[in-house]
Each structure stands twice: as C-alpha cells, then as structure tokens.
Amino acid sequence: MKPGSTLDHQKHDAPMNIRLDPTATPFNLEHTLKCGQAFRWAKHGDWWYGVVSGKIIKLRQTPNKLQFETFPKKASINFVSRYFRLDDDLSHIYSKIDKDRHIHNAIRNLRGLRILRQEPWECLISYICATYKNIPAIRQMIFHLSKRFGKQMTLDNHDFYTFPTPKDLATASLQELKSCKLGFRAANISRTSQIIDHKKFDLEALENASYERAKRHLLSLPGVGQKVADCVLLFSTGKLEAFPVDVWMKRTMLKSYPDYFGKTFAEKASGITSISPSEYREINSFGRKYFGEYAGYAQEYLFACSRRRWQTAKHR
DNA sequence: ACATCCCCTTAGCC
DNA sequence: AGGCTAAGGGGAT
C-alpha cells in the first residue's frame with residue numbers, strides 16, 4: 001500500500017480494535033477508569049476521553065472488544081494495551097489474591113478492573129497533589145495545572161490539555177502554581193519538578209529497580225511520603241506488590257481484618273481521619289505479606305469496593 | 001443558608 | 001521514636 005493513498009487515509013481515521021476474550025482477558029473499562037487511580041478521564045456520551053503521552057485517547061468497550069482512536073497522532077494497539085496492562089494475567093492474579101470473603105466479594109463486584117501503567121512523571125505530580133485532598137478536588141488541581149501549563153487540543157467539541165513537562169513546572173513561579181489551587185503542595189511540586197528537570201532523579205530507572213530501592217529513592221522527593229511513593233510505584237512503575245494505605249484503606253482493613261491487628265488498634269475503626277507512621281507500616285506490611293506479590297491489585301479492589309459501597313449508601 | 005468536618009498525607013517540631 | 005500540629009480549598013453533611 002502506498003502511503004497517502006485514500007485507503008491508507010481511511011485506515012488512519014478508523015477506530016482501532018483490541019479483541020477481548022472475557023474469559024482469557026477480563027477487562028472492564030468503566031471500573032478501571034472510575035476506581036480513583038487516574039484523575040484525567042471523563043466520559044462524554046458513550047466514549048471515554050483522556051490524555052496520555054500528549055495524545056487524546058478516546059475509547060469505549062463493547063462485549064468483546066476495546067475500540068479506540070487517538071489524536072493528533074495515531075497510537076498503536078501496543079500503546080493502549082500497555083497503558084491498560086492488558087498483558088496482566090488477571091485470572092492468575094485473582095487466584096493468588098482471592099484469600100477470603102472480603103477480597104472475594106470485591107473481585108466479584110469489580111471483575112476486569114486493571115491497574116494502569118500511567119506515566120511516572122504525571123503520576124508522581126498527581127499523587128503529590130492528592131495529599132490530604134478528596135478525589136474531585138485532585139481532579140480540579142490537575143485540570144488547572146494542565147490548562148495553565150499544558151498545550152490545548154480540541155476533539156469532538158471538547159478541550160483537552162497535555163500534562164505540563166518537568167520544565168514547565170520547574171520554571172513556573174510559586175504564585176503561578178498556587179493559582180492552580182495547589183495550596184501548600186505548590187512548594188513541593190515546584191521543588192520536585194526542579195529535581196526531575198535538572199536530571200537529579202531518574203524516574204525511568206524506577207521500573208527496573210526493586211520495590212524497596214525504588215521506594216527509598218522516591219521518598220527522597222519533597223512531598224513524597226509512604227502513601228504517595230506506594231501509589232507511584234503501583235500505578236506507574238508496575239510494582240504490583242505495593243500496597244498504598246490511605247484513610248479509606250485503614251478503615252476497610254481494620255473492619256475486615258480486625259483479628260490481624262492489635263485489639264486497641266482495631267477498636268477505633270470508624271471515625272478515623274489520620275494514619276500514624278507506625279499504623280502505615282503495620283497495615284502495609286500485613287497487606288503485602290497476606291496478599292503476596294499482587295498485593296497492589298488486592299488493595300485497589302478493596303479500596304474501590306469500599307468507596308463504591310459508600311457512594312451507593314450515600315444516595316439513599 | 002451556614003458552619004463544620006473531611007479529604008487516597010507530609011514534614012517539621014518536640 | 002512516635003505523637004502532635006499546621007497546611008488550600010472544595011466537597012459533603
């Protein structure tokens with residue numbers, strides 16, 4: 001086929017398909033994008049829209065395929081497949097983490113939810129923003145940052161913005177950052193961006209480092225503590241054993257697994273609004289030991305399930 | 001309407 | 001070591 005021919009052009013504009021066999025490749029786009037791991041996806045009509053690697057991705061799922069288009073540049077099936085971790089053997093992962101009725105129930109409700117492979121840089125900044133914020137507010141901050149510092153693109157009458165580069169945020173003034181409603185996080189975003197921009201920290205190297213080494217390294221960045229480090233490791237560098245613990249997870253874990261924690265520790269499961277460093281260590285190491293090498297998947301299913309219960313309870 | 005609490009926490013202080 | 005506290009501002013009640 002000659003480049004530039006009519007057929008070639010049509011092929012370029014046609015949506016691409018990834019075949020999904022529900023038994024061999026369980027996948028649920030809705031669960032994956034709504035569970036709270038990524039903050040920049042929105043549904044317009046039947047389609048989900050997001051920006052990854054400077055491209056708008058538009059996609060929807062039918063019973064046995066994932067249909068997508070990307071703009072302005074065409075992306076490969078491999079690119080989408082990698083982002084959604086379609087190579088993860090979910091059935092195998094389920095068999096490894098399905099240890100009791102709590103996680104069993106979460107898997108039953110959220111079958112097909114996949115951990116994403118987000119870009120480390122965007123994921124890092126997103127979770128520094130996430131410190132002590134609720135999910136709608138996090139989405140707001142990231143939207144403001146992208147609108148202020150990213151490049152605008154338009155598709156189907158919706159505006160999108162690329163995520164700012166390390167240089168964009170490293171050279172922004174504190175005032176400009178604060179105008180994105182970052183609050184006290186602005187200083188951490190600024191310092192961390194400068195470290196990344198000046199090549200004092202190699203985010204790409206995390207992928208090939210062990211969980212422990214990668215985590216220790218991440219903890220050296222301003223605004224990155226235990227929780228943020230575990231989220232970056234799980235959601236962007238493929239460390240599936242990472243087990244982030246936030247207030248939701250603390251409540252969920254103490255409620256579902258009280259026998260594994262000290263009595264006084266477990267008694268005050270409700271009304272929890274904070275986590276001490278020792279509590280983080282205790283819940284995190286329990287989760288990692290109990291669920292094993294795919295503890296991160298267990299975490300995300302329990303997290304999403306408990307949030308979903310709360311969401312539905314709220315509306316009655 | 002309006003106050004108050006909460007939020008996928010971190011870092012600095014003691 | 002580990003407990004206490006402050007830190008935007010929007011969402012939820």
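Lettering follows sequence order; numbering is per chain, from 1.
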Query raised in the report: So what does A:I128 hit on the nucleic acid, given a heavy-atom distance under 4.0 Å: a base, only sugar-phosphate, or nothing?
Result: nothing
**Report entry** Least distance between heavy atoms, A:I275 atom then A:Y280 atom
**Finding:** CG2-N, 3.6 Å
Query raised in the report: Passes ring pair (Phe, Tyr, Trp, His ring centres under 6.0 Å), A:F184 versus A:Y132? Steps please.
Result: CA-CA 11 Å; A:F184 66 90; A:Y132 202 56; 7.6 Å; no
Report task. Using a 4.0 Å heavy-atom cut-off across all strands, classify A:Q37 as base, sugar-phosphate, or nothing. Result -> base
Query raised in the report: Within the pair A:R139 and C:dG10, is there a side-chain N or O less than 4.0 Å away from OP1 or OP2?
Result: no
Query raised in the report: Between A:Q140 and A:P277, which has a closest nucleotide on DNA chain C that is more 5'?
Result: A:P277
Query - Rounded interatomic separation in angstrom, taking CE from A:M253 and C1' from B:dC8 - result: 15 Å
Query - Separation of atom CZ in A:F39 from atom P in C:dG10, rounded to whole Å - result: 18 Å
Report task. Take A:P222 and A:E300, find for each the nucleotide of DNA chain B with the closest heavy atom, and name the residue whose nucleotide sits nearer the 5' end. Result -> A:E300
Query raised in the report: A:G225 near the nucleic acid: base, sugar-phosphate alone, or nothing, with a heavy-atom cut-off under 4.0 Å?
Result: sugar-phosphate
Query raised in the report: Any chance the side chains of A:D88 and A:Y294 put a donor and an acceptor closer than 3.5 Å?
Result: no
Report task. Mind checking A:Q299 for me? I need base, sugar-phosphate or nothing, with any heavy atom below 4.0 Å counting as a touch. Result -> nothing
Query - Atom-to-atom span, CZ of A:F143 to C1' of C:dG9 - whole angstrom - result: 17 Å
Report task. Determine the interatomic distance between C1' on C:dG3 and the same-named atom on B:dC8; round to the nearest Å. Result -> 23 Å
Requested in this report: Specify the separation, in whole Å, of atom NZ of A:K181 and atom P of C:dG10.
Outcome: 5 Å
Report task. Check every strand shown and say whether A:P244 touches a base, only sugar-phosphate, or nothing at a heavy-atom separation below 4.0 Å. Result -> nothing
Report task. Take atom CE of A:M249 and atom C1' of B:dT9, then tell me their distance rounded to the nearest Å. Result -> 16 Å
Query raised in the report: With centres under 5.5 Å and planes under 30° as the test, does A:Y132 stack with B:dC7?
Result: no
Query raised in the report: Given atom OH of A:Y127 and atom C1' of B:dT9, what is their separation to the nearest angstrom?
Result: 13 Å
Query - Distance in angstrom units between A:R307 CZ and C:dA12 C1', rounded - result: 12 Å
Report task. For C:dG8, give its Watson-Crick or G-U wobble partner with both distances under 3.5 Å, or none. Result -> none
Report task. Quickly work out the A:R185 CZ to C:dA6 P distance and round it to whole Å. Result -> 16 Å
Report task. Check whether any side-chain N or O of A:R191 sits under 4.0 Å from OP1 or OP2 of B:dT10, and answer yes or no. Result -> no
Report summary line: Of the candidates C:dG8, C:dG10, C:dG2, the side chain of A:N134 sits closest to C:dG10
**Report entry** Output field: ring centroids A:F235/A:Y127 closer than 6.0 Å
**Finding:** yes
Query raised in the report: Do A:F243 and A:Y211 pass the ring pair (Phe, Tyr, Trp, His ring centres under 6.0 Å) test, and can you show the C-alpha distance, the side-chain angles, and the key distance before you say yes or no?
Result: CA-CA 11 Å; A:F243 194 85; A:Y211 167 76; over 10 Å; no
Query raised in the report: In terms of the nearest nucleotide of DNA chain B, which residue is placed more toward the 5' end: A:K227 or A:V224?
Result: A:K227
Query raised in the report: Is C:dG8 in the syn or the anti form, by the rule that syn lies within 90° of 0?
Result: syn
Query raised in the report: For the base of C:dG9, is there a side-chain donor-acceptor partner from A:K133 under 3.5 Å away?
Result: yes
Report task. Please lay out, stage by stage, how A:K58 and A:H44 fare under the test side-chain contact (heavy atoms from CB on, under 4.5 Å). Result -> CA-CA 10 Å; A:K58 166 184 175 180; A:H44 302 296; over 6 Å; no
